[in-house]
Number of protein chains: 2
Amino acid sequence: MDTAPKLVSENRCFGGKVGFYTHQSQTCKGKMRFSVYLPPQASERRLPVVYFLSGLTCNEENFMAKSGAQQFAAKYGLMLVAPDTSPRDTGIPGEDDEWDLGTGAGFYVDATVQPWAAHYQMYSYIVEELSSIIAEYFPIDIERQGIFGHSMGGHGALICALRNPDLYKSVSAFAPITAPIHSPWGQKAFTHYLGSDPESWKLYDASELVLSIGYKRPILIDQGTDDPFLEKEQLLPLIFAQACEKAGVALTLRLQPEYNHSYYFIASFIEDHIRYHWEALRN
Amino acid sequence: MDTAPKLVSENRCFGGKVGFYTHQSQTCKGKMRFSVYLPPQASERRLPVVYFLSGLTCNEENFMAKSGAQQFAAKYGLMLVAPDTSPRDTGIPGEDDEWDLGTGAGFYVDATVQPWAAHYQMYSYIVEELSSIIAEYFPIDIERQGIFGHSMGGHGALICALRNPDLYKSVSAFAPITAPIHSPWGQKAFTHYLGSDPESWKLYDASELVLSIGYKRPILIDQGTDDPFLEKEQLLPLIFAQACEKAGVALTLRLQPEYNHSYYFIASFIEDHIRYHWEALRN
């Protein structure tokens with residue numbers, strides 16, 4: 001099987017290129033999609049790379065189209081990779097029926113319950129297969145990789161970084177779901193993907209992971225105070241902040257007054273996050 | 001009839017606010033939509049405003065979501081307004097059948113042919129009704145207004161500015177349709193909206209207007225060299241450049257190597273355009 005990513009479309013952007021790719025995933029047993037921003041410096045040397053994991057309903061395009069990250073990735077010389085948020089068109093019954101389960105809602109876990117388990121292996125897909133593909137086909141420095149994300153993808157970035165400190169050397173998030181075992185979104189997804197035993201969920205809960213395995217690097221989180229999902233207790237940043245304090249993890253949690261959950265919020269602070277990763281990965 | 005715009009949603013962005021509005025349009029005889037970016041300075045004083053007219057298939061959201069303009073509007077203290085590109089849900093038969101005619105394709109003309117003429121009055125809507133609403137309900141300095149746009153909206157910005165030099169004091173465009181009477185898109189739209197006499201089209205053709213009425217201010221245009229609509233002779237910037245040269249108009253036409261027609265192109269050069277308008281409108 002040909003595992004090389006295929007370029008679907010390409011757009012020059014801030015002197016570099018935004019490319020959209022598809023590839024046959026062995027992990028998810030089907031076609032997967034991702035986007036890459038190659039800054040101008042990519043033609044000269046191997047670069048640090050930062051992965052961005054998107055939120056519910058998103059695909060590999062939202063971040064590239066709306067975050068404004070390319071301007072700063074070009075300024076600092078970082079490559080960006082934005083994977084899709086789930087497998088698609090798997091044939092699993094009901095995969096497209098609900099916006100917070102199935103298509104667009106992979107939740108960055110390895111499903112253990114059928115029918116999802118046959119395709120929904122997003123955790124292994126991100127940390128193993130996609131990492132390998134990016135290292136093989138793009139000019140990255142594998143020692144300098146970071147990860148960040150938004151909402152469900154902020155959860156994904158945190159659990160990937162916490163569990164793989166040798167792979168990802170920096171992590172940040174926008175409005176992440178930081179305690180999914182206590183959030184309605186997380187409980188629904190984990191029940192369907194992992195089964196009804198909450199013990200099995202803890203491997204995918206950032207607040208639990210901070211307490212159980214700790215983390216030696218700093219973490220940056222931005223959270224809008226007018227985010228409707230904050231009030232609905234989907235995000236629960238204070239549970240994560242308490243866990244970090246208990247575990248001695250250096251968390252910077254910035255509450256941004258009046259910002260909501262949208263990409264207008266992300267765009268407003270993307271420069272800070274890109275610079276944060278660059279400073280962690282520059283050497 | 002209540003003509004006040006109604007706020008549909010609001011998003012804090014770069015310290016200001018992106019707001020989406022609807023209102024009952026007397027010109028278009030139905031509900032119209034637009035978006036506004038109020039930078040932080042809007043709470044302190046009346047500001048210059050720049051209108052952005054979008055291209056085919058777009059609505060009032062694309063520019064706000066994808067251009068990255070707010071960062072620079074906040075930096076320089078400019079208000080931004082992005083109207084929708086046509087009336088919608090008018091009941092005109094076939095209004096949604098074609099992507100380059102009807103909904104999303106108003107072409108910034110006052111239609112004279114039925115059934116379009118009943119609602120498709122986008123030229124008067126932009127230069128008269130929307131201008132009046134913005135002046136009445138937002139903190140702008142009416143002496144400092146500019147206009148820019150993309151593709152069909154670049155055409156719109158040019159014709160609005162050329163025909164209303166007292167209203168708009170600055171103009172620029174991304175990949176504009178600069179000679180619509182010679183472009184397939186323009187010919188199709190003008191035939192349906194204005195009828196088969198090309199003489200009536202010249203009031204809406206930037207290249208013809210430059211020759212017939214001239215223009216005393218400089219014009220900035222960015223055009224990607226890999227724009228597929230350049231090769232298809234939809235945009236025809238050289239016809240406009242020749243007209244400007246003949247008429248003594250100070251056109252800066254920048255050909256941007258390898259850029260295409262997308263918002264990745266617009267985002268890459270939006271700072272230059274915002275600064276261009278700011279420099280023209282600052283005093």
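- Within a 6.0 Å radius of CG in Asp141(B), other residues, nucleotides and ligands contribute more than 12 heavy atoms.
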- Start with the C-alpha gap between Tyr264(B) and Gln70(A), add the side-chain angles, then the distance that decides, and say whether side-chain contact (heavy atoms from CB on, under 4.5 Å) holds. CA-CA 9 Å; Tyr264(B) 297 109; Gln70(A) 296 93 335; 3.7 Å; yes
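- Proximity to chain B is absent for every atom of Tyr263(A), based on heavy atoms less than 4.5 angstrom apart.
- The environment of Glu279(A) atom CD is dense: over 12 non-hydrogen atoms of other residues, nucleotides or ligands sit within 6.0 angstrom.
- Counting non-hydrogen atoms of neighbouring residues, nucleotides and ligands closer than 6.0 angstrom, the CD atom of Glu231(B) reaches no more than 12 such neighbours.
- Gln71(A) touches chain B through its side chain: at least one heavy atom from C-beta onward sits under 4.5 Å away, while N, CA, C and O do not.
- Atoms CG and CZ, from Asp227(A) and Arg12(B) in turn, are 14.5 Å apart once rounded to the nearest 0.5 Å.
- No part of Gln256(A) comes within reach of chain B, as not one of its non-hydrogen atoms sits under 4.5 angstrom from that chain.
- In terms of heavy-atom proximity, Ser268(A) sits nearest to Phe14(B) at OG-N, 2.7 Å.
- Residue Asp89(B) places its CG atom among 12 or fewer non-hydrogen atoms of other residues, nucleotides or ligands, all under 6.0 Å distant.
- Both the backbone and the side chain of Asn11(B) come within less than 4.5 Å of a heavy atom in chain A.
- For Tyr259(B), the parts lying near chain A are the backbone and the side chain together; criterion is any non-hydrogen pair under 4.5 Å.
- Atom CD of Glu258(B) sits about 8.5 Å away from atom CD of Glu10(A), to the nearest 0.5 Å.
- Under a cut-off of 6.0 angstrom, the local environment of NZ in Lys31(A) is sparse, with at most 12 non-hydrogen atoms contributed by other residues, nucleotides or ligands.
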